[in-house]
Amino acid sequence: MKETIESLLDHALDQLIADGMIETKPGLQVTRTKDAAHGDFTCNTAMMLAKQAGRAPREIAQSIIDALPDDASVEKVEIAGPGFINFFITQENTLSIINDIISGGERFGKSNAAEGEKVQIEFVSANPTGPLHVGHGRGAAYGATLATLMRAVGFDVDCEYYVNDAGRQMNILAASVWLRYLEVNEVTLTFPVNGYKGEYIYDIANSIKAQHGDAFVFPADEVFKDIHADETDGGGSNGGDKEKHIDDLITRAKHLLGTKNYQQVFKAGLDSILDDIRQDLEEFGVPYDNWYSEQTLADRGLIDKAVEQLQMAGHIEERNGALWFISTKFGDEKDRVVIRDNGQATYFASDIAYHMDKFARGYQRVINIWGADHHGYVARVKAAIGALGEKEDKLDILLVQFANLYRGGERVQMSTRSGSFVTLRELREEVGTDAARFFYVMRKCEQHMDFDLDLAKSQSNDNPVYYIQYAHARICSVIGQLSEKQLKHDIENGSQNLNLLTERHETDIISKLDAYADIVHKSAFNAEPHLLVHYLRELATLLHSYYNAHQFINDDSNLHDARFNLIIATRQILHNGLTLLGVSAPEKM
RNA sequence: GUCUCGAUAGCUCAGCUGGAUAGAGCGGCCCCCUCCUAAGGGGCAGGUCGGGGGUUCGACUCCCUCUCGGGACACCA
């Protein structure tokens, strides 16, 4: 309908140009009105033209209206306020949305607006050093919802998890597992400050013991001989360096265990945690198309290749024995090391290789969803993309702000290493997947979010997701009443009598239903799932209000059938919308 | 210090590329189940949209500036 009005206006403006009244057309802004007294759609073009035409806005508005072609769906057009042109749509045309929704079913609201553009969304990608915590949950929910929304408007979306299975953190994990394994085998030791301390490390250690017995056991004095002191050693401020301490332990582990056995421990840790993460995400309704291993980048020589490619393009310089990418040429604030003086590639180098490979795989658009703490990383990655000859705007980096957790009014501190955190799994088990998914996407992603655990965990009606689900269940219940009371609903007769839906509650719902497809489109293209959340909340409010004000089951069979058509359409939209959010639409509550 | 996100009702937040009297939820107060699920509905109270400039017919929205918060600024991963 909006398109129709835009095209009518476009014709009218062409006419005004032909008449010499104006010279250029401004961008058309046709919007849905907030107030029914202003009609169904409004346009501010006359006011925007006032200056160039040198005439009063209302006068221009009249000229535009005079030039508008006739259209059967437009009931009347009015000038209002300072010069708004308000369009009133015929009732027949407005009501057709109900039939459209019923016949469209689950497909209603979907489109092919994006024409199958190939997109990759990479999200979560947490280091596999421990279970996902509630902070990761936001990225997971947001990424999965965005993927679903984008698919709904015709993008060809792949979801990817980048597995950081190489590097120092993973070695720290391996060392942590090994040390816990020693403890499990009755070796007494002081666990390093910098090690991973979560309970799950013991689980992994125990499974290694079950499989390999004491094959990897060494006495404590052999393990800790000549190792740098840990931070807490020596007491007080005379402690050692916790970084050197853990690095020494890693070296010692590799030495004592030998490459093969060390790899076994390493792999046991990685596999166990990665399996856990996979399962966790799957249960959260967050499916991935691809799990991309960082290690394979090095194995396939892609890191060297990326550095080489930058070198050939003249973007690499050697300084103090290290290789630097001159990222300042591409808008970064300082240059970045890609190969350290010890010959090791930096994490950034593998990131460059990774992004190079993303484009090599044919994605027309790449979306990275990162935690806000990676903000400083955006400029350098974009610089690398530019240096490799790709268009920087093909890469969108969306920063998801942290969710601050509150429990009993107190801010909860999270740390993977100290082991004191709330896992995503715990959250899911306590509040349910529906509430968790919904909560996470309620706010736009760049907004800080206060996640009140007590509130989310409470099964009370404070949880907004129930409100929307309840609207859906209520409609289902009413429909269930039909068979219980031996009543019928004739859809065909209902659609003949939609003009009986004249109550304010009814017209409000109808115009809200009419806005659904727009909301889906906007949510997807702007990457703002919260728009859909708010929409569904508003629709549910209208439904509940309608329910309290009017009886759907009615003695007047024409009105009865028409009302059932309306609530069936409403149920369909609630169902479709909740599904896009990854939230269930229960028939009973 | 630089970059970045934010500041809207007591609290948590919407406000669509500037548009007509700024909206929800929670909390507070008052009403509504002999009636399709009260996990609901109706009403009242509550706002200098952080401060100050500017652009515009018109600013919560755009620009500048200041104040106050979150976060980021490694040859770490």
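Hydrogens, waters and symmetry mates are skipped; everything else that's a heavy atom, side chains included, is used. Reminder, nothing fancy here: chain letters follow the sequence lines and each chain counts from 1.
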With respect to the phosphate group of [N], does any side-chain polar atom (N or O) of [X] fall under 4.0 Å of OP1 or OP2?
X        : N     : value
A:Arg319 : B:C75 : no
A:Gln481 : B:U37 : yes
A:Arg474 : B:A38 : yes
A:His550 : B:C35 : no
A:Tyr547 : B:A38 : yes
A:Arg168 : B:C75 : no
A:Lys334 : B:A74 : yes
A:Tyr467 : B:G41 : yes

Considering every strand shown, what is the Watson-Crick or G-U wobble mate of [N] when both distances are under 3.5 Å?
N     : result
B:U34 : none
B:C49 : none
B:C44 : B:G28
B:A72 : B:U2
B:G23 : B:C13
B:C62 : B:G54

Side chain of [X], base of [N]: donor and acceptor closer than 3.5 Å?
X        : N     : answer
A:Asn86  : B:A20 : yes
A:His375 : B:G71 : yes
A:Asp373 : B:G71 : no
A:Thr541 : B:A24 : no

Worksheet entry | A:Thr42 side-chain proximity, nearest of B:U2, B:C13, B:A20 | B:A20
Discussion item. Given B:C75, B:A77, B:U12, identify the nucleotide with an atom nearest to the side chain of A:Val337.
Written reply: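 Minimum distance to the A:Val337 side chain belongs to B:C75.
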Discussion item. Taking the six-membered ring for Trp, are A:Tyr142 and A:Phe123 closer than 6.0 Å centroid to centroid?
Written reply: no
Practice prompt. May I ask you to say what A:Asn127 touches in the nucleic acid, namely base, sugar-phosphate or nothing, with a heavy-atom cut-off under 4.0 Å?
Written response: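 Sugar-phosphate: the residue A:Asn127, judged by heavy atoms under 4.0 Å, touches backbone atoms but no base.
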Discussion item. Mind checking if A:Ser545 touches a base, just sugar-phosphate, or nothing, with heavy atoms under 4.0 Å?
Written reply: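 If one applies the 4.0 Å heavy-atom cut-off, A:Ser545 turns out to touch the sugar-phosphate alone, with no base involved.
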Worksheet item: If we only count heavy atoms from C-beta on, is the A:Glu503 to A:Tyr546 side-chain gap below 4.5 Å?
Response: no
Name every donor-acceptor pair, under 3.5 Å, that has one atom in a side chain of residues 479-487 of chain A and the other anywhere in the protein, sequence neighbours excluded.
{"residue": "A:Gln481", "atom": "OE1", "partner": "A:Lys485", "partner atom": "NZ", "Å": "3.4"}
{"residue": "A:Ser483", "atom": "OG", "partner": "A:Gly480", "partner atom": "O", "Å": "3.1"}

Practice prompt. Decide, yes or no, whether a salt bridge links A:Lys329 with A:Asp335 under the criterion of side-chain N to carboxylate O below 4.0 Å.
Written response: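 Salt bridge flag = no for A:Asp335 with A:Lys329.
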Item to complete: Kindly compute the distance separating CD1 (A:Ile5) from CD1 (A:Ile85), expressed to the nearest 0.5 Å.
Response: 11.0 Å
